[in-house]
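The structure appears below as structure tokens.
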Amino acid sequence: YISNTMPLPKSGSIPSPCWVVRYMLQKAFGNDKLSKLEFLTQFYHNDGLFCLDNKIYIFDQKLAQSAINKLEKGAEHYLNDSPLKDTFLGSSQKSPETRRAVASLFRKTSIEERASWIFEDTKRMCSKIRLESLKSVNITNWSLRMALDIVGHVLFEIDLNALDGKQDDLLECMVTILHKCYALNEISVESEEFKRANESLDRITSNILQEALEKENTALQKSLVVQLYEACGFETAKDNMKLFLMAGTETTASSIPVIFSLLNDFPDIQQELRDEVENRWTEILTEPTTSLPKIESMMKEVLRLYPIAPFISRQNNVPVNLGNIYLDQHSDVIIFTWGIHRSPYHWKDSKVFKPFRFLGMESLQSNMYIPFGAGSRVCIGQHLAWIELRLVIANLLHEFRFSKNPATSDLKFVVDWVHAVVHPDKDMIFSLENVEHD
Ligand code: HEM
């Protein structure tokens, strides 16, 4: 009664909600599009995909695998007004020489070699927080500053000093562009405020690139920045630096407040994770890549339940078959990670936060769990993100006990549909109490 199958001009026969379903969705979820889509994944579970507003949402594992393998062109056409439009985001065929220039730096081993730098920045953030009034600490803002310094040290090999308040202009541009404009829709891309932020971002990135290039003259080894510059020239290097600055800070800085919001709801889990850190603290100090199985399982679970990149968008240049689904040229395909990760058909107690779900779970069906994407366009920064998150959680748990206060917001997400990321709608503010050590 409430489902229909609509022949689409571009995509053959793919189920699509009729007006009754749309009406009910509107009544139930209002403008919360993410929840509507999540509902539709369950509604069309047997089909494994559906079409809404000319976009094809895929959540069946085999179809998702096929789409990841066959479709390489991504969100390019959504990025027209974005400062990231000229970066290699959007297609693995775009700027292959730029990709080659950066690939070696992002390898797991290269990032692990720099783990002590990451650890230093996480410790520095904790020392700065200790100087604040612990009754009201804005973890979102501190995480952004720390993530920016880590990108500076690990990727550009320069001191951005964001934790010391030296990058407030850059942070303001990023918040204006990514939050105010793309996530909250408070300003448009036509607004003066957006244009000003875009211009400032361009100027600041230009200066950072210049500084990094000048510093390199005295160094022995070529840094990422120099490799980028040599591979693709100043303008393209600058644009891709914007991508690293934004993708490298927003993602991890959004994950940290989500993690601590959940750990506040489960104080026993918070303590169990703290105990794991305390038991291995001496090892962590000498080897920051020391494994922390419970913390890693918890991180995996947070990125399952709240994948910061909730979908992956793809397009096809030529007609293509995904299983028995025929896609005409230039179909808009969304591999719907959020729906796959939260599906009761794939996961037991799918909506429940079970921090130790992944403990001892070695083999996962790969396309059931894709927080960093998959295939040729898999997240280049995943090893950096993973080490950074593990170390910042370890440090924060070692230093502080977290609790909520009247200023703490409930966990509610806003979606940036252009760059395919979700953020908590407000900054996360917590009360902290020092953990005393002997
Ligand atoms: C929790 C943290 C992170 C998550 C969940 C995440 C997720 C993702 C996902 C799902 C993609 C694939 C998009 C696609 O296939 O279209 C992606 C791409 C990308 N990520 Fe991440 N990411 C994270 C952290 C980072 C960090 C720290 C960096 C560092 C610079 C980074 C840089 C990038 C870049 C440059 C791409 C584009 C790769 C390409 O198009 O080939 N990400 N990320």
Side-chain angles (χ1 to χ4, degrees), residues 58 64 67-69 71-79 82 84-96 98-103 105-108 110-111 114 118 121 143-144 146-156 224-225 228 239-259 296 299-300 302-315 332-338 340-341 367 369-393 416-423:
I58 292 184
I68 285 166
N69 292 342
L71 311 177
E72 288 216 322
K73 192 168 174 286
E76 280 169 82
H77 58 303
Y78 305 130
L79 294 170
S82 160
L84 303 185
K85 72 171 185 302
D86 294 324
T87 67
F88 66 62
L89 188 69
S91 168
S92 64
Q93 288 143 3
K94 215 154 112 184
S95 310
T98 313
R99 283 169 183 275
R100 271 195 293 278
V102 301
L105 180 83
F106 283 94
R107 253 184 238 128
K108 192 169 179 223
S110 312
I111 296 294
R114 293 160 191 240
I118 302 174
D121 284 325
S143 305
L144 260 180
M146 181 205 65
L148 205 49
D149 278 348
I150 290 176
V151 168
H153 287 138
V154 175
L155 302 184
F156 305 157
L224 163 81
V225 176
L228 261 180
D239 286 333
N240 281 298
M241 281 178 77
K242 286 182 199 165
L243 171 61
F244 298 138
L245 284 168
M246 288 183 155
T249 53
E250 277 295 318
T251 45
T252 42
S254 290
S255 307
I256 296 163
V258 175
I259 289 170
E296 286 181 42
M299 281 159 52
K300 280 189 186 158
V302 172
L303 288 181
R304 179 194 70 81
L305 197 53
Y306 301 108
I308 292 298
F311 60 90
I312 300 169
S313 53
R314 291 285 185 270
Q315 262 209 347
D332 272 326
V333 173
I334 307 280
I335 299 150
F336 190 44
T337 313
W338 186 275
I340 296 172
H341 281 193
N367 288 321
Y369 187 70
I370 47 169
F372 294 104
S376 62
R377 304 257 323 274
V378 69
C379 174
I380 196 169
Q382 62 174 316
H383 303 301
L384 172 59
W386 202 247
I387 291 195
E388 180 174 337
L389 287 177
R390 200 172 58 193
L391 288 175
V392 75
I393 295 164
D416 171 347
W417 297 97
V418 169
H419 304 103
V421 281
V422 290
H423 313 275

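Order of appearance sets the numbers: ligands from 1, and atoms from 1 within every ligand. Quantities reported herein were computed from a predicted structural model and do not represent experimental measurements.
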query = Going by atom types alone, do Asp121 and His153 pair a side-chain donor with an acceptor below 3.5 Å?
reply =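 Present: a donor and an acceptor within the cut-off.
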ask   = When you look at Leu384 and Lys108, which way does the side-chain contact (heavy atoms from CB on, under 4.5 Å) test go after all the steps?
value = CA-CA 8 Å; Leu384 172 59; Lys108 192 169 179 223; over 6 Å; no
Numbering as shown, the atoms of ligand 1 that approach [X] to under 4.0 Å (heavy-atom distance):
{"X": "Ile312", "result": "14 (C), 15 (O), 16 (O)"}
{"X": "Ala309", "result": "7 (C), 10 (C)"}
{"X": "Leu243", "result": "35 (C)"}
{"X": "Gly373", "result": "10 (C)"}
{"X": "Pro371", "result": "5 (C), 7 (C), 10 (C)"}

ask   = Based purely on interatomic distance, does Ser376 place a nitrogen or oxygen under 3.5 Å from a nitrogen or oxygen of ligand 1?
value =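 In fact, backbone or side chain, Ser376 has no N or O that close.
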task = Determine the interplanar angle of the Trp417 and Phe311 rings, folded into 0 to 90°, and report it as parallel if under 30°, tilted if 30 to 60°, perpendicular if over 60°.
result =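 Parallel, since the angle between the ring planes stays under 30°.
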4.0 Å heavy-atom contact, Arg314 with ligand 1 =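 True for this residue.
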ask   = Between Thr249 (side chain) and Leu245 (backbone), is there a donor-acceptor pair under 3.5 Å?
value =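 Yes.
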query = Where do Val225 and Phe244 land on the side-chain contact (heavy atoms from CB on, under 4.5 Å) test, with the steps shown first?
reply = CA-CA 11 Å; Val225 176; Phe244 298 138; over 6 Å; no
request  = Kindly identify the option in Ile68, Ile380, Ile387, Thr251 whose heavy atom sits closest to atom 34 (C) of ligand 1.
outcome  =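 Among Ile68, Ile380, Ile387, Thr251, the closest heavy atom to atom 34 (C) of ligand 1 belongs to Ile380.
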ask   = Looking at the rings of His341 and Tyr369, which for Trp means the six-membered one, are their centres under 6.0 Å apart?
value =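 Close enough - the centres of the two rings lie under 6.0 Å apart.
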task = Of the side chain and backbone of Thr337, name the one, both, or neither that has a heavy atom under 4.0 Å from an atom of ligand 1.
result =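 The answer is neither.
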ask   = With a 4.0 Å heavy-atom cut-off (strictly under), which part of Ser255 contacts ligand 1: side chain, backbone, both or neither?
value =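 Ser255 to ligand 1: side-chain contact only, backbone stays beyond 4.0 Å.
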key: Non-neighbouring partners of Glu296 that pass salt bridge (charged side-chain N to carboxylate O under 4.0 Å, His left out), sequence neighbours left out   =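 Result, salt bridge (charged side-chain N to carboxylate O under 4.0 Å, His left out) vs Glu296: Arg390.
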